[in-house]
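Order of appearance sets the numbers: ligands from 1, and atoms from 1 within every ligand. Note that these values count all heavy atoms, side chains included, but never hydrogens, waters or copies made by symmetry. Quick caveat: nothing in here was measured; it's all calculated off a predicted structure.
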Amino acid sequence: MTKLECNVTNCLHNAENRCCKQAIIVDGSGARETYETCCGSFDRNSEGSFKNLFKTPESRLEVDCEAVNCVYNRERRCEAERIGIAGDGASEAEQTECATFLMR
Ligand code: SF4
Ligand code: SF4
């Protein structure tokens, strides 16, 4: 399980700079740079009004990851102790990224 911080505050699943999902998927199968990855689980909070009233931010979660060029990727699972998902202000998944990506 990976400790995850996320500053994508307009994602439906974000609360207190953390993610409320129990598992996410990071995309970027051909990624060679950080910006070529993204959080595939991003859902836009389009009204900006949905609050995670009934959700609890998870401090650790399962991260499936397609970015196989990353040193932390093992059989499409993230094995980093902690990661950061970035993209404050993102309106679509492609505007997010795994800031912890490190090319092999
Ligand atoms: S962008 Fe991804 S990691 Fe961040 S809150 Fe949304 S689903 Fe969770
Ligand atoms: S650190 Fe690497 S393996 Fe883990 S989610 Fe980010 S890109 Fe994927």
For this session: Starting from atom 8 (Fe) of ligand 1, find the nearest protein heavy-atom neighbour and note its residue, name and distance.
Result: Cys19 SG, 2.3 Å

For this session: Answer whether the closest heavy-atom distance between the side chains of Ile25 and Glu66 falls below 4.5 Å.
Result: yes

Exercise. If we only count heavy atoms from C-beta on, is the Gln95 to Val8 side-chain gap below 4.5 Å?
Worked result: no

For this session: Begin with the C-alpha distance, continue with both residues' side-chain angles, and end with the deciding distance and a verdict on side-chain hydrogen bond (donor to acceptor under 3.5 Å, both in side chains) for Asp88 and Thr9.
Result: CA-CA 6 Å; Asp88 195 17; Thr9 51; 2.9 Å; yes

Exercise. Does the side chain of Ile24 reach to within under 4.5 Å of the side chain of Val26, using non-hydrogen atoms?
Worked result: yes

Exercise. Do Arg77 and Asp64 have side-chain heavy atoms sitting under 4.5 Å apart?
Worked result: yes

Exercise. Given that the side chain starts at C-beta and the backbone is N, CA, C, O, which of these parts of Cys11 lies under 4.0 Å from ligand 1, counting heavy atoms, or is it both or neither?
Worked result: side chain

Exercise. With a 4.0 Å cut-off, would you call Arg60 and Glu81 a salt bridge?
Worked result: yes

Seminar exercise, completed: Of all heavy-atom pairs linking Arg32 and Glu36, the shortest is N-OE1, 2.8 Å

Seminar exercise, completed: Atoms of type N, O or S from protein under 2.8 Å of atom 6 (Fe) of ligand 2, total 1

For this session: Answer yes or no: is there an ion pair linking Glu58 with Arg18, defined by an N-O contact shorter than 4.0 Å?
Result: no

For this session: Under 4.0 Å from a heavy atom of Asn14: give me the atoms of ligand 1 that qualify, with their elements.
Result: 5 (S)

Problem set entry | Residue and atom name of the nearest protein heavy atom (relative to atom 7 (S) of ligand 1), distance in Å to one decimal | Ser41 O, 3.5 Å

For this session: Tell me which one of Cys6, Ala86, Pro57, Ala15 gets a heavy atom nearest to atom 1 (S) of ligand 1.
Result: Cys6

Exercise. Counting heavy atoms only, which of Cys39, Ala23, Gly40, Cys20 is nearest atom 2 (Fe) of ligand 1?
Worked result: Cys39

Exercise. Do Leu61 and Gln22 touch side chain to side chain, with heavy atoms closer than 4.5 Å?
Worked result: no

